[in-house]
Protein chains: 2
Amino acid sequence: MQKASDPMSVTLSALADPTRRAILARLAGGEASVGELAAPFDISLPAISRHLKVLEEAGLVSRSRNAQWRPVQLQAAPLRDVAAWIEEYRRFWDEGFDKLDALIEHLTKGDSDVSN
Amino acid sequence: MQKASDPMSVTLSALADPTRRAILARLAGGEASVGELAAPFDISLPAISRHLKVLEEAGLVSRSRNAQWRPVQLQAAPLRDVAAWIEEYRRFWDEGFDKLDALIEHLTKGDSDVSN
DNA sequence: TCATTAATTAATATAATGGTTAAATAAGGG
DNA sequence: CCCTTATTTAACCATTATATTAATTAATGA
């Protein structure tokens with residue numbers, strides 16, 4: 001009953017929140033301060049700060065220091081890993097993998113019931 | 001403090017668990033019953049059943065009926081959507097986007113401090 | 001030094017997640 | 001009909017996640 005600590009789960013959990021994805025989208029346009037990132041949202045600054053901590057722990061952002069601001073920057077490496085993982089499933093949504101492929105898969109598996 | 005209900009969050013939450021990703025990996029080799037899916041894991045059958053419910057609600061699997069078995073099948077459409085979303089970030093991890101690009105981005109943004 | 005601005009940490013409340021065991025439901029076969 | 005097999009649902013519990021407000025830390029600059 002522990003928290004999942006494998007890197008892929010950490011990354012996907014971090015991405016599984018619309019506020020955090022919106023923050024990443026904003027950072028795709030360049031670095032921003034915490035206050036700038038918080039502005040579009042209707043939630044408190046501490047809440048944004050915690051979202052940023054989640055993103056940082058997932059390696060999706062990094063932070064530096066510039067006077068009293070802490071500019072946040074996008075770090076895309078974990079996204080590359082997710083993209084690589086999901087590529088393994090591409091054949092299941094590409095048009096090449098249609099009902100005929102599914103049928104072949106059934107038959108080669110020795111599954112005699114082809115109806116579903 | 002509600003549960004995120006947008007489709008992308010639902011999909012990513014479903015994927016953010018190693019047991020559920022292992023189930024999807026198993027299903028990539030063809031449909032399987034709940035019992036077959038549960039076998040490799042050290043957790044109870046009800047726990048697997050709930051994982052399957054999460055995957056089903058995310059549209060990542062579908063279930064049919066064959067006597068007293070409920071065969072589970074992979075449904076990859078939501079993965080296609082995740083792949084499309086993540087593609088938007090490819091340029092941030094591709095080698096084309098290196099420090100020089102970052103510098104250009106700073107300058108075109110009118111950011112005078114280039115040191116970080 | 002003190003006021004201001006930026007951001008984090010602390011304390012707290014509540015909801016969601018993920019696991020358990022026990023009971024219920026569904027289908028098949030003697 | 002009853003027994004067995006397959007799976008889900010119910011009830012429960014511990015942990016994690018996400019939000020709030022209030023207090024704290026950090027840096028700037030009058």
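Throughout, a chain's letter reflects where its sequence line sits, starting with A, and its residues are numbered from 1.
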Q: Measure the distance from CG on A:D17 to C1' on C:dA16 and round it to the nearest whole Å.
A: 13 Å
Q: Starting from the 5' end of DNA chain D, give me the residue, A:Q68 or A:I43, whose nearest nucleotide shows up first.
A: A:I43
Q) B:R65 side chain: which of C:dT8, D:dA19, C:dA26 is closest? A) C:dA26
Q. Which one, D:dT7, C:dG28, C:dT21, comes nearest to the side chain of B:A67?
A. C:dG28
Q: Quickly work out the A:E36 CD to C:dT5 P distance and round it to whole Å.
A: 16 Å
Q: With DNA chain D as reference, determine whether B:S33 or B:R50 sits nearer its 5' end, using the nearest nucleotide of each.
A: B:S33
Q: Find the distance A:L45:CG to D:dT18:P and express it as a whole number of Å.
A: 17 Å
Q: Tell me which nucleotide among D:dA27, D:dT21, C:dA27 gets nearest to the side chain of A:P46.
A: D:dT21
Q. What pairs meet the ring pair (Phe, Tyr, Trp, His ring centres under 6.0 Å) rule with one or both residues in residues 30-88 of chain A, with sequence neighbours excluded?
A. A:W85-A:Y89
Q) Out of curiosity, B:S64 OG to B:R70 CZ, how far, rounded to the nearest 0.5 Å? A) 10.5 Å
Q | Candidates D:dT8, C:dA7, D:dT28 - which lies nearest the side chain of B:R70 | A | D:dT8
Q.
Nearest whole Å is fine: how far is C:dA7 P from A:E31 CD?
A. 12 Å
Q | Atom-pair distance (CZ on A:R20; C1' on D:dT18), nearest Å | A | 9 Å
Q) Just how far, in rounded Å, is P of D:dT7 from CG of B:L37? A) 9 Å
Q: Using the salt bridge (Lys or Arg N to Asp or Glu O under 4.0 Å) rule, pick out the option among B:E56, B:E57, B:E31 that qualifies with B:R63.
A: B:E56
Q. In whole angstrom, what separates A:L12's CG from C:dT17's C1'?
A. 16 Å
Q.
By nearest atom, which of the nucleotides C:dG28, D:dT8, D:dT28 is closest to the B:R63 side chain?
A. D:dT8
Q: Taking only the side-chain nitrogens and oxygens of A:S44, find out if one of them lies under 4.0 Å from OP1 or OP2 of D:dA19.
A: no
Q | A:T11 (side chain) donor-acceptor with A:P7 (main chain) under 3.5 angstrom | A | yes
Q | Which nucleotide in D:dT20, D:dT8, C:dA7 has an atom nearest any side-chain atom of A:W69 | A | C:dA7
Q) How many angstroms lie between atom CD1 of A:I43 and atom CD1 of A:I48, to the nearest 0.5 angstrom? A) 4.0 Å
Q. Considering only C:dG28, C:dG19, D:dT7, which nucleotide approaches the side chain of B:A47 most closely?
A. C:dG19
Q | Selection from C:dG18, C:dA7, D:dT18 that lies nearest to any side-chain heavy atom of B:H51 | A | C:dG18
Q.
Rounding to an integer number of Å, can you tell me how far B:K53 NZ sits from D:dT7 C1'?
A. 13 Å
